[in-house]
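Proteins come first, then strands; the chains are lettered A, B, ... in the order of their sequence lines, and each starts at number 1. The shown structure was predicted, so the numbers you read here are calculated from the model rather than taken from an experiment.
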Amino acid sequence: MPIDHYISPTSLDEAIAHLCQQGAVSLAGGTDLLVGIRLGNRSAKSVVDLKKIPELTTVQWENGKVSIGAAVSSDSCIQDARLASAFPGFAEALGLIGSAQIQGRCSAGGNVCNASPAADSVPALIANGAVCNIKGPSGERSIRLENFLIGPNRNALKHGELLVSLMLTVPMPNTADAYLRLTPRTEMDIAVAGVGVSLSLDCYGKCIAARVAIGAVAPTALSVPEAADALVETYLTSEDLRAAVDAVRNAASPISDKRASAEYRTHIVGVLLERAIQRAHERIISVGAS
Amino acid sequence: MSKAASKIAVQCIINGETREFLCSPGQVLAEVLRDELGLIGTKIGCGTGDCGACSVLLNDKLVCSCLVLAAEVGGQAIETVEGVAEGLTLHPIQRALLEHGGFQCGICTPGVVIAAKALLERKPDPTEEEARYWLAGNLCRCTGYDKIIRAVLAAAREMRGGPPT
């Protein structure tokens, strides 16, 4: 495919210097970029391989936070027992991307930067309060994931910047996340609706914190605070869920395309929210019971 | 007019042997395996990571070699279908595919062998559903998948100490 230069820097600053050049693009797993170049949707004079840079290829736990390097493969995240048990919904989301082969290379960081409205890693990450750690020629900055996504396939990176890591806060006890999506085919398909939730319960089973995010039903994935607020201070009965389900349906503004109509997507996102809440709820209870 | 991209020298380990090749920046591993190294067992079905015919193991991870730039594999270990049998002794998954008729034209088969081998190394006792989901990235236009899955489950049984496939 038409690539003039392949560069593999070993430090962040070296990578940034290369990315400031015209026509330079970042390469993590390559499962979106290389397809795009082959199909002519993306062009790259030089490809800057990020996989020799430690901050991008490691998972670091420190001070109650975990930073997932932007080039860590989905499969490595899924196989990381500590990460998968703290964020089972995030791990299950990564396990839905593409195929086993794709997961062997694709990264959550790349999934985020590619910024498909239907990206599977994103709703679970938003539900976990993910923050994007960015570095560029002007230095470092951090922004919440829902603000990093600015439109279909558009992210907030400026020229020369790269996403270094996704940072999550280690959840308090009695917390679990979940991600569910609906795809027209059973696998190897793109979500027509997706929901990520994170719930925290007190020792009586009352929801004391929640975050809800929806994907594939708007130009970007969205955090839906109204849905989360409707769950807090409830015991998550089906009656309690109704307001949250209405909130995600109101927040959705999907398109109709070859995969699904807007009406169907709007209906389904509400169904998925109920099921995702049930799944997260069951996860908390089963951990508590064991 | 841009000048021609210069070649990159790469050394890596393929099926346990050190191999060296020259590649251009835009060549993918699948192309180099076939065109530079004579390892034509790996097939190119789609070139976009959808069909899995180009599956190889890269550092023990199942990947599509059409989505790995050849330049990326310096110092890394690759296993292709040519490395699955030990000399003339077939791997259980290969024998099972023969016994159960798990291929027709054979174009998807190298990818299936590699993917199934990776599955059974990670999960020696997969359910049928788990095997089907793991192999979702390996498309077959001939068999309808049923005999492939039977072969995978039979190979799994044998590798766990059960009867030969």
Student: If you round to the nearest 0.5 Å, how far is OH of A:Tyr6 from SG of B:Cys23?
Tutor: 9.0 Å

Student: How close do A:Ile3 and B:Pro25 get, counting heavy atoms only, and between which atoms?
Tutor: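 Scanning both residues completely, I find the closest heavy atoms to be O-CB, 3.6 Å.
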
Student: Sort B:Ile8 into side chain, backbone, both or neither according to what part of it lies under 4.5 angstrom from a heavy atom of chain A.
Tutor: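 The side chain, not the backbone.
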
Student: Please indicate whether B:Asp60 has more than 12 foreign heavy atoms, meaning atoms of other residues, nucleotides or ligands, lying under 6.0 Å from its CG.
Tutor: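 For B:Asp60, atom CG is not crowded (no more than 12 foreign heavy atoms under 6.0 Å).
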
Student: Does any heavy atom of chain A fall under 4.5 Å from the side chain of B:Leu58, the backbone, both, or neither of them?
Tutor: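 The answer is the side chain of B:Leu58.
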
Student: If every non-hydrogen atom of B:Cys64 is compared with every non-hydrogen atom of A:Gln101, which pair is closest and at what distance?
Tutor: SG-CB, 3.6 Å

Student: Which heavy atom of B:Gly137 sits nearest a heavy atom of A:Ser99, and at what distance?
Tutor: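 Residues B:Gly137 and A:Ser99, closest heavy atoms: CA-CB, 3.5 Å.
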
Student: How about OH on B:Tyr145, more than 12 heavy atoms from neighbouring residues, nucleotides or ligands closer than 6.0 Å, or not?
Tutor: yes

Student: Surrounding NZ of B:Lys43 (heavy atoms of other residues, nucleotides or ligands, distance under 6.0 Å), is the total greater than 12?
Tutor: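 Yes, because the 6.0 Å sphere around NZ of B:Lys43 holds more than 12 heavy atoms from other groups.
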
Student: Check whether A:Lys45 gets within reach of chain B through its side chain, its backbone, both or neither, counting any heavy atom under 4.5 Å.
Tutor: neither

Student: Take A:Glu187 and B:Arg132 through the test side-chain contact (heavy atoms from CB on, under 4.5 Å) and record every step on the way to the result.
Tutor: CA-CA 10 Å; A:Glu187 69 269 310; B:Arg132 284 185 183 270; 5.9 Å; no

Student: Does the side chain of B:Leu69 come within less than 4.5 Å of A:Leu27's, by heavy atoms?
Tutor: yes

Student: Among B:Asp50, B:Val63, B:Thr48, single out the residue with the greatest number of heavy-atom pairs under 4.5 Å to chain A.
Tutor: B:Val63

Student: For the interface with chain B, which of A:Ile37, A:Leu39, A:Leu34 has the highest count of heavy-atom pairs at distances below 4.5 Å?
Tutor: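 Most heavy-atom pairs within the cutoff with chain B belong to A:Leu34.
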
Student: Does any backbone or side-chain atom of A:Asp75 lie under 4.5 Å from a heavy atom of chain B? Answer side chain, backbone, both or neither.
Tutor: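 The answer is both parts of A:Asp75.
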
Student: Would you check if A:Gln79 and B:Arg122 make a side-chain contact, meaning some heavy-atom pair closer than 4.5 Å?
Tutor: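 Yes, their side chains come closer than 4.5 Å.
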
Student: Decide, yes or no, whether a salt bridge links B:Glu72 with A:Lys52 under the criterion of side-chain N to carboxylate O below 4.0 Å.
Tutor: no

Student: So for B:Val68, is it side chain, backbone, both, or neither that comes closer than 4.5 Å to the heavy atoms of chain A?
Tutor: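 Contact with chain A involves both backbone and side-chain atoms of B:Val68.
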
Student: Check each atom of A:Ser73 against the heavy atoms of chain B and say whether the ones under 4.5 Å are side chain, backbone, both or neither.
Tutor: side chain

Student: Answer with side chain, backbone, both or neither: which region of A:Ser8 has an atom nearer than 4.5 Å to a non-hydrogen atom of chain B?
Tutor: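 For A:Ser8, no heavy atom lies under 4.5 Å from chain B.
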
Student: Counting only heavy atoms not in A:Arg38 (residues, nucleotides, ligands), do more than 12 fall under 6.0 Å from its CZ?
Tutor: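 Atom CZ in A:Arg38 is crowded, with more than 12 foreign heavy atoms closer than 6.0 Å.
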
Student: Which residue out of A:Ala44, A:Cys106, A:Ser46, A:Ala100 racks up the most heavy-atom pairs below 4.5 Å with chain B?
Tutor: A:Ala100

Student: Relative to chain B, which segment of A:Met188 carries a heavy atom at a distance below 4.5 Å: side chain, backbone, both, or neither?
Tutor: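 Side chain of A:Met188 only, per the 4.5 Å heavy-atom cut-off to chain B.
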
Student: What part of B:Ala115 is in contact with chain A, defined as an atom under 4.5 angstrom from a non-hydrogen atom: side chain, backbone, both or neither?
Tutor: side chain

